Amino acid sequence: MRIFSGIQPTGRKHLGNYIGGIVQYVAGQERGEAIYSIVDLHATTVAFDPAELRELTYDTAAILIAAGLDPARCILFRQSDVPEHTELAWLLTSVTAYGDLQRMTQFKEKSAKQRELVTAGLFFYPVLMAADVLAYRTDEVPVGEDQRQHVELMRDIAIRFNSRFGEQFVVPEARIPQVGARIMDLQDPTSKMSTTSASEEGTLYVLDEPAQIERKFKRAVTDSGSGVRRGPDKPGISNLIDVLAVVRAVAPEQVEREFANAGYGDFKAAVAAAVTEYLAPVRERYNQLHADRAALETVLAAGAERARAIASATLADVRDAMGVGTPR
Ligand code: AMP
Ligand code: TRP
């Protein structure tokens, strides 16, 4: 089974990215042939700084390796090093409905937030994402809940392509975690934790120091009631229960049982302690890795070479099926 996912080199990675994405990428190495891409081309769809983009690409690579991605057991590469992605994205526009792109929630949300320019790239983003996955004839795509619609769209694109030009693509399945697919902002538990969210305090970064972790959980917004249990009226506590469940690798029900008689203060302290312990080794390994640009570049270059071998074979078939380019 082949697994593919992409992560943007934008901003600092937070607990939502970690739990919704990275934890699953690491697990994927055990379950199949795992391919992960740092999608720098997707990062150019909103305002960005070129020098910073380069830095954040290394930074993201270092976080992924620190979290447990092993270049010997997966393919880790930078999207722009494999030009087949952009070529395939264009070819897929021939079977992508304009109306479908207009319906994408992420486009609507992100375009509303842009101050200066809503780029055509932002609109086209889901097609490039479809190309990322389809180029590898991927079976499974581990992502958080916010990417479900994009995976649905790439399935539609694959199905339409296959029926128009012959069976070229595997129709991929999203793999969305049961718990933790949508980690919420600690200050505003009705909106998801995100890099662009309003409050720094509401976003727990993977590289936060223990004192910051403790402070952010201590100040996390809960409700005026009591009782450590999940419910639609308790978005803050529900979120913290999910976080603790994932970090301890137990079911949320078990967290509820254990803290049935605890107050919010004690519960939050327990979550902070567990998350601190959970992220400490990642932060340590990151500190050892991130400064060595040459070593990271070597990993990414080797990954790109392996990725390209797969993607170029797909592209040769696709070009042929579509009747573009020099005949084989
Ligand atoms: P990105 O950094 O936007 O490339 O996202 C990387 C991964 O993190 C994707 O699979 C997202 O679905 C996932 N993700 C982003 N925000 C959250 C969140 N608040 N909760 C759970 N997963 C998330
Ligand atoms: N759009 C994804 C996100 O924001 C990142 C991404 C790009 C991706 N290409 C992908 C995820 C391919 C899965 C598969 O999180």
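For ligands, and for the atoms within them, numbers begin at 1 and follow the listed sequence. Predicted, not measured: the structure shown is a model, and the values here were computed from it.
In this structure, a donor-acceptor pair under 3.5 Å is absent between the side chains of Gln254 and Arg248. Using modelled atom types and a 3.5 Å distance limit, the side chains of Ser191 and Asp185 yield no donor-acceptor pair.
Of all the atoms in ligand 2, the ones that sit under 4.0 Å from a non-hydrogen atom of Val133 are 12 (C), 14 (C). Atoms of ligand 2 lying under 4.0 Å from at least one heavy atom of Ser5, given by number and element, are 11 (C), 13 (C), 14 (C). Atoms of ligand 2 lying under 4.0 Å from any heavy atom of Val141, numbered from 1 in the order shown and given with element: 13 (C), 14 (C). Of all the atoms in ligand 2, the ones that sit under 4.0 Å from a non-hydrogen atom of Val39 are 7 (C), 9 (N).
Nearest non-hydrogen protein atom to atom 9 (N) of ligand 2 is Asp132 OD2, 2.7 Å. The shortest contact between atom 4 (O) of ligand 2 and any protein heavy atom is with Tyr125 OH, 3.0 Å. Looking only at protein heavy atoms, the nearest one to atom 6 (C) of ligand 2 is Gly6 O, 3.7 Å. The nearest protein atom to atom 10 (C) of ligand 2, hydrogens excluded, is given as Met129 CG, 3.4 Å; this is a heavy-atom distance.
Residue Gln106 places no N or O, backbone or side chain, under 3.5 Å from any N or O of ligand 2. At a 3.5 angstrom cut-off on N or O pairs, His150 does not count as close to ligand 2.
The residues Lys216 and Asp208 are annotated as salt-bridged, a charged nitrogen and a carboxylate oxygen being separated by less than 4.0 angstrom. The residues Arg308 and Glu305 are annotated as not salt-bridged, no charged nitrogen and carboxylate oxygen being separated by less than 4.0 angstrom. Salt bridge absent: Glu145 and Lys192 never bring a charged side-chain N and a carboxylate O closer than 4.0 Å. Look at Arg219 and Glu214 and you find no salt bridge, because none of the NZ, NE, NH1 or NH2 atoms lies under 4.0 Å from a carboxylate O.
With a 6.0 Å cutoff to the six-membered ring centre and a 45° limit on the axis angle, Arg2 does not count as a cation-pi contact of Tyr136.
With a 4.0 Å cut-off on non-hydrogen atoms, Leu128 does not touch ligand 2 at all. Heavy atoms of Val143 found under 4.0 angstrom from ligand 2 belong exclusively to the side chain. Under 4.0 Å from ligand 2, not a single heavy atom of Val151 appears. Of the heavy atoms in Gln79, none comes closer than 4.0 Å to ligand 2.
Between Glu152 and Ile157, every side-chain heavy-atom pair lies at or beyond the 4.5 Å cut-off.
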Where does ligand 1 get N/O contacts under 3.5 Å from the protein, atom by atom?
| unit_1 | atom_1 | unit_2 | atom_2 | d |
| --- | --- | --- | --- | --- |
| ligand 1 | 2 (O) | Lys13 | NZ | 2.6 |
| ligand 1 | 2 (O) | Asn17 | ND2 | 3.2 |
| ligand 1 | 4 (O) | Gln8 | N | 2.8 |
| ligand 1 | 5 (O) | Asn17 | ND2 | 3.3 |
| ligand 1 | 8 (O) | Asn17 | ND2 | 3.3 |
| ligand 1 | 10 (O) | Gly144 | N | 3.1 |
| ligand 1 | 12 (O) | Gly144 | N | 2.8 |
| ligand 1 | 12 (O) | Asp146 | OD1 | 2.4 |
| ligand 1 | 19 (N) | Ile183 | O | 2.8 |
| ligand 1 | 19 (N) | Met193 | O | 2.9 |
| ligand 1 | 20 (N) | Ile183 | N | 2.8 |
| ligand 1 | 22 (N) | Gly16 | O | 3.1 |

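Tyr36 has its ring centre no less than 6.0 Å from the ring centre of Phe77. Remark: aromatic rings of His42 and Tyr125 are close, center separation under 6.0 Å. In this structure, Tyr205 has its ring center no closer than 6.0 Å to that of Tyr18.
Put simply, the side chain of Asn239 never gets that close to the backbone of Ile183: no donor and acceptor are under 3.5 Å apart.
Counting side-chain heavy-atom gaps under 4.5 Å among Ile, Leu, Val, Met, Phe, Trp and Tyr, the cluster of Leu53 also holds Phe48.
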